[in-house]
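Residue numbers run from 1 in the order of the sequence given.
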Amino acid sequence: MQIGGVFNNRVGFKFLEDFRNAFKIPELRSRIIFSLVMLSLYRLACHVPAPGVDGSKLAESLGGGGFLGLYDMFTGGAFSQATVAALSIMPYITASIILSLLVPVVPWLEALQKSGQEGQRKITEYTRYGTVGLCIVQSLGIGMLLQSYGTEVVPNPGLGFMLMCVITFTTGTAFIMWLGEQIEEYGIGQGISLIIYAGIVARTPVGIAEVLRFMTSAESGGFGLIGALAIVAATLAIIMGAIFVTLAERRIPVQYSKRQVGRQVHGGQTQYLPLKVNTSGVMPIIFAITIMQFPTAIMGLPFLPTGVQAALTAWFSPGPVYYSIYGMLIVFFTYFYTAIIFNPVDLAENLRGRRTPMKTAL
């Protein structure tokens, strides 16, 4: 068998036409509409205020900076507004990371993962339990953090407020997790990723307003229209580059030997095995962001010494140390997630049995 490599990348330029044609297929149209309804419910939950917290005072105290401001961006502004969706879907992602780390090192979990759909359902069930447990811990941490801002933010602190935080934030995350699973099963798929995307996109108008305000203010220093166009051009270039890398694949030609059965000759056709250049996709970035946001859940814990809190604030605030740790986590999770998704031994077994989906070489 001769194996070579050919790098090929195709980027579709008929997005609008494909999007219009998608609504002509009844089943696909219903799935798209269902997904939009679920995402609308998620955004509605992001505007339901949690009792006992003054959202306007909290937003002023946060100021949109530091790692709390970054966490707020991924919750679609739900954290700064003190809504029931303040934790968003992040505890679910954290639980998924923990399960992913445990699968390669715990034999019975690895066997469970390879046992088919029943095993996947069990792992999903364990992920849900882990999500609820993390929600309880993070809700306590965030409740203590909110109380640390004083009575302006939390007028009635105490045990009752902490219990309310646990119930409200855990219920909110469980509801969002359910929405993601519904999109995954009855919608267009990738429910959790769509929820994260919706939270980030929800902050886009705020970002545009900030850019426009900076352009028209005296502090812009001649930023003006040229600077705005430069930002738009850079943004489009980054999006196109991300699409280019995401869709890129390396095609490994596979030549099967011919075999004769009676008077008929079978095989001998050249096929190729498509391998994604970016196998892990965006998951390493999501994992790294989740780990970097974990300090927000423990900053308000009373047993943390003042020195530890100061160190966490310094390390996990945007700066050289923060971005260095962030970059190293992305590299680590890229290798880790690729090792989980792409198993050469399983690929070889599937290839031997010719069960791997392959395409005819052009």
Side-chain angles (χ1 to χ4, degrees), residues 34-53 55 58 68 71-102 109 120-146 159-202 283 286-287 289-291 293-294 296-298 300-301:
F34 180 84
S35 301
L36 292 176
V37 172
M38 294 296 103
L39 292 176
S40 300
L41 291 176
Y42 161 65
R43 289 307 305 160
L44 180 62
C46 292
H47 290 84
V48 177
V53 184
L58 177 61
L68 290 177
Y71 182 86
D72 183 56
M73 181 187 70
F74 283 93
T75 61
F79 180 79
S80 63
Q81 298 175 16
T83 67
V84 297
L87 291 179
S88 189
I89 198 63
M90 295 306 172
Y92 181 84
I93 298 175
T94 305
S96 300
I97 294 174
I98 295 174
L99 262 296
S100 300
L101 292 172
L102 290 178
L109 279 178
Q120 292 296 330
R121 281 195 293 267
K122 280 291 184 182
I123 291 180
T124 301
E125 184 178 350
Y126 295 152
T127 304
R128 293 170 183 164
Y129 294 150
T131 300
V132 174
L134 287 172
C135 283
I136 294 175
V137 175
Q138 294 185 14
S139 297
L140 290 172
I142 289 181
M144 295 177 183
L145 178 64
L146 293 175
L159 182 61
F161 173 75
M162 296 300 299
L163 181 61
M164 183 277 302
C165 286
V166 172
I167 296 175
T168 302
F169 297 149
T170 302
T171 303
T173 298
F175 176 67
I176 296 173
M177 177 177 62
W178 178 80
L179 291 178
E181 293 178 351
Q182 297 306 302
I183 296 176
E184 188 75 28
E185 184 172 358
Y186 303 107
I188 59 177
Q190 301 295 327
I192 303 301
S193 299
L194 286 176
I195 287 177
I196 297 174
Y197 174 76
I200 297 175
V201 171
M283 295 307 296
I286 296 176
F287 286 176
I289 290 174
T290 304
I291 296 299
Q293 291 170 352
F294 186 73
T296 61
I298 63 175
L301 297 179

Looking only at heavy atoms, what is the nearest atom pair of [X] and [Y], with distance?
X      : Y      : answer
Ser88  : Ile176 : CA-CD1, 3.9 Å
Leu39  : Ile183 : CD2-CD1, 3.9 Å
Ile192 : Gly180 : CD1-CA, 4.2 Å
Gly143 : Cys165 : CA-SG, 3.8 Å
Thr170 : Ser139 : OG1-OG, 3.7 Å
Ala198 : Arg43  : O-CD, 4.4 Å

Exercise. Does any pair with a residue in residues 90-101 pass salt bridge (charged side-chain N to carboxylate O under 4.0 Å, His left out), and if so which ones, sequence neighbours excluded?
Worked result: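 Found none.
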Report the distance from atom [atom1] of [X] to atom [atom2] of [Y], rounding to the nearest 0.5 Å.
X      : Y      : atom1 : atom2 : result
Ile195 : Ser35  : CD1   : OG    : 10.0 Å
Met38  : Trp178 : CE    : CH2   : 5.5 Å
Leu41  : Leu36  : CG    : CG    : 11.0 Å

Of all residues at least two apart in sequence or in a different chain, which pass the side chain to side chain contact (heavy atoms under 4.5 Å, CB included) check with [X]?
X      : answer
Thr127 : Tyr92, Ala95, Ser96, Leu99, Ile123, Thr131
Val201 : Tyr197, Thr204
Ala50  : Thr168, Phe169
Gln120 : Gln113

Do the non-hydrogen side-chain atoms of [X] and [Y] ever get within less than 4.5 Å of each other?
X      : Y      : answer
Glu181 : Thr124 : yes
Tyr42  : Ile89  : no
Ile93  : Ile196 : yes

Exercise. What residues form a salt bridge (Lys or Arg N to Asp or Glu O under 4.0 Å) with Glu184, not counting sequence neighbours?
Worked result: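 Glu184 satisfies salt bridge (Lys or Arg N to Asp or Glu O under 4.0 Å) with no other residue.
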For this session: Take Ile188 and Leu194 through the side chain to side chain contact (heavy atoms under 4.5 Å, CB included) test and state the conclusion after the steps.
Result: CA-CA 10 Å; Ile188 59 177; Leu194 286 176; 3.9 Å; yes
Exercise. Going through the checks in order, is the side chain to side chain contact (heavy atoms under 4.5 Å, CB included) test met by Leu146 and Phe161?
Worked result: CA-CA 10 Å; Leu146 293 175; Phe161 173 75; 4.1 Å; yes
Problem set entry | Parallel, tilted or perpendicular: ring planes of Tyr126 versus Tyr129, cut at 30 and 60 degrees |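 Taking Tyr129 first and then Tyr126, their aromatic rings sit tilted (interplane angle of 30° to 60°).
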For this session: Using the side chain to side chain contact (heavy atoms under 4.5 Å, CB included) rule, take Thr171 and Phe175 through it: C-alpha gap first, then chi angles, then the decisive distance, then the call.
Result: CA-CA 6 Å; Thr171 303; Phe175 176 67; 5.5 Å; no
Exercise. Considering residues at least two apart in sequence or located in another chain, which fulfil the side chain to side chain donor-acceptor pair (under 3.5 Å) criterion with Glu185?
Worked result: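 Expected list: none.
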